[in-house]
Amino acid sequence: MVLYPVMRKLLDKRVVLASASPRRQEILSHAGLRFTVVPSKFKENLSKASFPTPYAYAMETAKQKALEVARRMHQKDLRAPDIVIGADTIVALEGLILEKPVDKTDAYSMLSRLSGKEHSVFTGVAIVQCSSQGGGLDLDVSEFYEETRVRFSQLSEELLWEYIHSGEPLDKAGGYGIQALGGMLVEAIHGDFHNVVGFPLNRFCKKLAELYHPPRPEDRPREKQDSIPAEDTFDGLGDSEGAGPGQGGARGDRRRPRAPGREHAKDADRKPSVESVPPTAVLELIDGYKVSKALFTACKMKLFDLLRDKGPLSALDVARKIGASEGGTGQLLDVCAGLGLLDKTEGGYSNTPLATLYLLSDGEYSLHSFIMTQEEVSWPFFSYLDFAVREGTVQAQRAMGTAGEDHYQESFYKNREKKLQFMRAMHGHTKVAARQVATAFDLSGFTSACDLGGCTGALAYELARQYPGLKVTVFDLPEVIEDAVCFQPHGPEAGQVSFVPGDFFQDTLPEADLYILSKILHNWPDDKVHQLLSRISRSCKPGGGLLVAEQLLDEDKCRPLPALMMSLNMTVLFQARERSLSEYRSLLQAHGFTDVRAVRTGSTSDAVLATRA
Ligand SMILES: O=c1[nH]cc([C@@H]2O[C@H](COP(=O)(O)OP(=O)(O)OP(=O)(O)O)[C@@H](O)[C@H]2O)c(=O)[nH]1
């Protein structure tokens, strides 16, 4: 066997697998590797938002797992093994990283996301070569990752729950085990099967061959770690809450961009250089506005609609159909392909599943109108971000040529087409998270709900779908309610939802067991938020509920990035903001609500539920 000689190279070495995964143990022992298993105690809680790519996150986690074991063993025995292998498997879908589900509800949320779609499985692997001399520990880390694309069939609710109840999903990345019952969910796989199961054996063997037959060994400098790591290094990598690269062995700023590739364990002790801290992440940030503008432009030109109807099309065909230059159109199409929105083949350009789902102007989960409001409203406001920061005021006059509190309403309700665009924007943005919000808590104990500012009823219909015994009232301004009928679905859930016109700051609120505020509190400054909560508190009966759907900020307010960006958006547009769970807790408690709980959905809204005392 061609690869066996590589494994043989390790026969005389003390090899440790820093993993509790039985699958990794099986894959490596079947390949003929002799090793000892020492599961890592590294807490897998690195900030995902601080990594430029999902695989960079997986590689860093794998590295931290292996380093923790190498250091712990060295400290215990004053002799580290020769090689420590760490691995981390994640599933990536539409910008989200899925790890092992924490419970069955989480497994359901993961598997229902994966249903009918293609996702990537990344396994990051770190091979740490250790040598201990004179009490010091010398660590040389090599890392790599492997990607496998997996497509799931459309999964029925029944199959989904039956699979979840089998217990198989709980210790597996993405909530499934391709090697067992989970294999039934998989329609197609492109890449290494073992990588999905938890260890990319083929790439690992190639990496070993590279390491043990290096073309130029002098190209791989080793760094001396002159003493046993200090006690706090181990604490940081061990059990303490919030441990991460900023607090543990791989010291330095935890939001420091990390370049994929080889890293030395002591790199943070070195002076940063362009080699150790490449500018990639900064360069990507510089290009952020160009990426947004390219997306806005492609949507404005309805390129995705055109390719759905007539694709695949060449750049020339597209240019002719939209009456644009061939060169410019080709550039824009190529950028969209580079961003994963289009596929480019010899036959021309066509939509990827991401574009089909979210970028068509009339799709069920269309974000097209939301994107257009970003282009037309947020973009001009963000052009005056420096003024907004300096002056601490909304820049409506500069951005829109209008002043006053109601600039937003003025701009959207001034004509019917603008109003419908705004309603479609809210509809899409709410709908993409509606199922996760509706199922974040068991709401089956409530019989009536009132969605205040519920706009098109996107969340109300989803709640009705999930809870057939629930009647939902959508309460919104008369000019919104008069057009809400355009968004009514055809299913039986439509019969459970009714619409009542009114202003939640002035009119009597409809009676309900459960009040809902979805994307409302982040629109208003604090005084208005208190005013609204106090009105709800007076209407809500003891034991009644309040469900708040907003993007939750972490307690340190530095993550997650989409929530941070939405918060800045709200400040710039309305002098309002997103909040952390503890901020919601104090707000809601101040208005007589207790038992405040939250579920992070990972989507455009998280869910907070409180009970009226
Ligand atoms: O199809 C499958 N996909 C994934 C798995 C298993 O999922 C886990 C992934 O979790 P992680 O990488 O964090 O590894 P752990 O199990 O927590 O072990 P460590 O001690 O190494 O952190 C992994 O076990 C995969 O094997 C699967 O079985 N099938």
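Along the sequence shown, the residues carry numbers beginning at 1.
Under the rule for a side-chain hydrogen bond (donor to acceptor under 3.5 Å, both in side chains), Thr439 has no partner lying at least two apart in sequence or in another chain. In this structure, His194 has no side-chain hydrogen bond (donor to acceptor under 3.5 Å, both in side chains) partners at least two apart in sequence or on a different chain. Taking Trp161 as the reference, Tyr108, His165 meet the ring pair (Phe, Tyr, Trp, His ring centres under 6.0 Å) condition, with sequence neighbours excluded. With sequence neighbours left out, the side-chain contact (heavy atoms from CB on, under 4.5 Å) criterion links Thr604 to His429, Val432, Ala433. By the ring pair (Phe, Tyr, Trp, His ring centres under 6.0 Å) test, Tyr57 is found to be paired with Phe51, residues two or more places apart in sequence or in another chain being considered. Glu364 pairs by the salt bridge (Lys or Arg N to Asp or Glu O under 4.0 Å) definition with Lys431, not counting sequence neighbours. Residues meeting the ring pair (Phe, Tyr, Trp, His ring centres under 6.0 Å) test with Phe193, sequence neighbours left out: none. Residues passing the ring pair (Phe, Tyr, Trp, His ring centres under 6.0 Å) test with Phe296, sequence neighbours excluded: Trp379. For Arg308, the salt bridge (Lys or Arg N to Asp or Glu O under 4.0 Å) partners two or more places apart in sequence, or in a different chain, are Asp362. Gln496 is linked by a side-chain hydrogen bond (donor to acceptor under 3.5 Å, both in side chains) to nothing, counting only residues two or more places apart in sequence or in another chain.
Applying the salt bridge (charged side-chain N to carboxylate O under 4.0 Å, His left out) definition to pairs two or more places apart or across chains, those involving residues 188-204 are Glu146-Arg203.
Using bins of under 30°, 30° to 60° and over 60° for the plane-to-plane angle, the ring pair Tyr55/Tyr145 lands in the parallel bin.
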Could you list the donor-acceptor pairs under 3.5 angstrom formed between side-chain atoms of residues 174-191 and any protein atom two or more places apart in sequence or on another chain?
| from | atom 1 | to | atom 2 | distance (Å) |
| --- | --- | --- | --- | --- |
| Tyr176 | OH | His119 | NE2 | 2.7 |
| Glu187 | OE2 | Ser153 | OG | 3.4 |

